[in-house]
Amino acid sequence: MTPVTVTGKVMAILGAFAAGDGRLSLTEVCRRADLALATGHRLVAELVGGGFLERLDDGSYRVGVKLWHIGAQAHAATDLRDLALPHMEDLYEATHENVQLAVLRDGKALYLERLRGTRSMPIVTRVGVELPLHATGVGKVLLAYAPRQLRERVLAQPLDAHTERTITDPERLRVCLAEVRRTGVATTSGEMTVGAHSVAAPIRDRHDTVIAALSLVTGRRTADLRRLVPTVTTAARALSRDVALHWSGSGDIGADADEGAGGDCYPRG
């Protein structure tokens with residue numbers, strides 16, 4: 001077996017924060033990076049000294065300012081976020097609910113931006129966090145329009161139950177994804193977080209390829225997601241027009257033209 005290089009160990013340490021947990025103890029960093037505690041301690045200390053990680057008062061660690069600045073220079077993602085923000089702000093002003101933008105990355109939904117108001121319900125998403133595709137509104141959109149090979153790979157893996165309402169049956173999810181492609185809308189009801197309901201729609205580029213998903217998340221028990229659909233889809237179409245005109249990046253996902261049997265993906269009582 002080829003020994004892991006120092007570079008590989010450093011990448012493993014930085015990768016330990018990819019799940020978006022915010023802060024990790026040294027023990028957790030070493031466990032995720034599969035490193036001995038002494039080795040991890042030395043390398044983490046060097047990363048702290050260089051500004052790539054930051055040590056907090058309680059002894060835990062988080063991503064440092066220098067690493068954040070480097071990541072923020074990801075050109076395509078930054079341009080997409082900048083284009084999306086005015087439309088996200090309009091959507092927030094119209095609803096005063098959580099608004100989120102995500103793209104497909106390594107089989108998960110990577111959140112590029114979110115807007116959360118003082119009256120919005122707390123949600124688990126943060127900028128840079130990655131969440132499962134099958135349990136989130138944006139994730140269902142991204143999975144529905146992903147290349148068939150990727151979609152089948154996700155469906156072949158165990159689908160974790162994050163709440164009692166998470167869809168974990170691959171065949172039921174397959175029907176749901178076909179409905180997303182038919183209607184251009186995905187909904188969730190308490191599937192990632194108890195009490196959180198979402199409506200999501202695709203963002204398309206000039207080639208009609210789905211490159212992102214925009215969602216609205218509400219915690220109102222009486223929310224009728226069907227009534228929120230036009231608001232979300234209008235914002236998504238407006239953003240797609242801007243993307244088609246001004247965005248020069250390339251998406252991580254391709255449009256999937258397959259048609260499938262429809263199904264009821266709206267929440268049931």
Which heavy atom in L80 sits nearest to a heavy atom in A212, and how many Å separate them?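 Scanning both residues completely, I find the closest heavy atoms to be CD2-CB, 4.0 Å.
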If you take all heavy atoms of L214 and A235, which pair is closest and at what distance?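 For L214 and A235, the tightest heavy-atom pair comes out as CD2-CB, 3.8 Å.
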Please determine whether residues Y61 and M11 belong to a single hydrophobic cluster, defined as Ile, Leu, Val, Met, Phe, Trp and Tyr linked transitively by side-chain heavy-atom distances below 4.5 Å.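 The answer is no; the residues belong to distinct hydrophobic clusters.
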Under a single-linkage definition using a 4.5 Å side-chain heavy-atom cutoff for Ile, Leu, Val, Met, Phe, Trp and Tyr, are V48 and V29 assigned to the same hydrophobic cluster?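 Yes, because V48 and V29 connect within a single hydrophobic cluster, where side-chain heavy atoms sit under 4.5 Å apart.
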Could you tell me whether the side chain of [X] and the main chain of [Y] form a donor-acceptor pair under 3.5 Å?
| X | Y | value |
| --- | --- | --- |
| T183 | E179 | yes |
| R181 | A144 | yes |
| T209 | I211 | no |
| R32 | A16 | yes |
| R151 | A146 | yes |
| T5 | G8 | yes |
| T166 | T163 | yes |
| S60 | L56 | no |
| K9 | L43 | no |

Within the supplied structure, the quantity of interest is the number of heavy atoms (other residues, nucleotides, ligands) at a distance under 6.0 Å from D34 CG; does it exceed 12?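 At most 12 heavy atoms, drawn from other residues, nucleotides or ligands, come within 6.0 Å of this atom.
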Over-ring placement of R116 relative to Y92, 6.0 Å and 45° cut-offs: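 Geometry flag: not set, cation outside 6.0 Å or 45°.
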Side-chain ion pair, R165 and E191, N-O less than 4.0 Å: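 No, this pair does not count.
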Electrostatic pair R174:E152 at N-O distance under 4.0 angstrom: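 Yes, charged N to carboxylate O under 4.0 Å.
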Going by atom types only, do S198 and T188 share a side-chain donor-acceptor pair under 3.5 Å?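 Distance-only check passes for S198 and T188.
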Decide whether H197 and T218 meet the rule of one side-chain donor and one side-chain acceptor closer than 3.5 Å.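 Looking only at side-chain atoms, T218 and H197 do not form any donor-acceptor pair under 3.5 Å.
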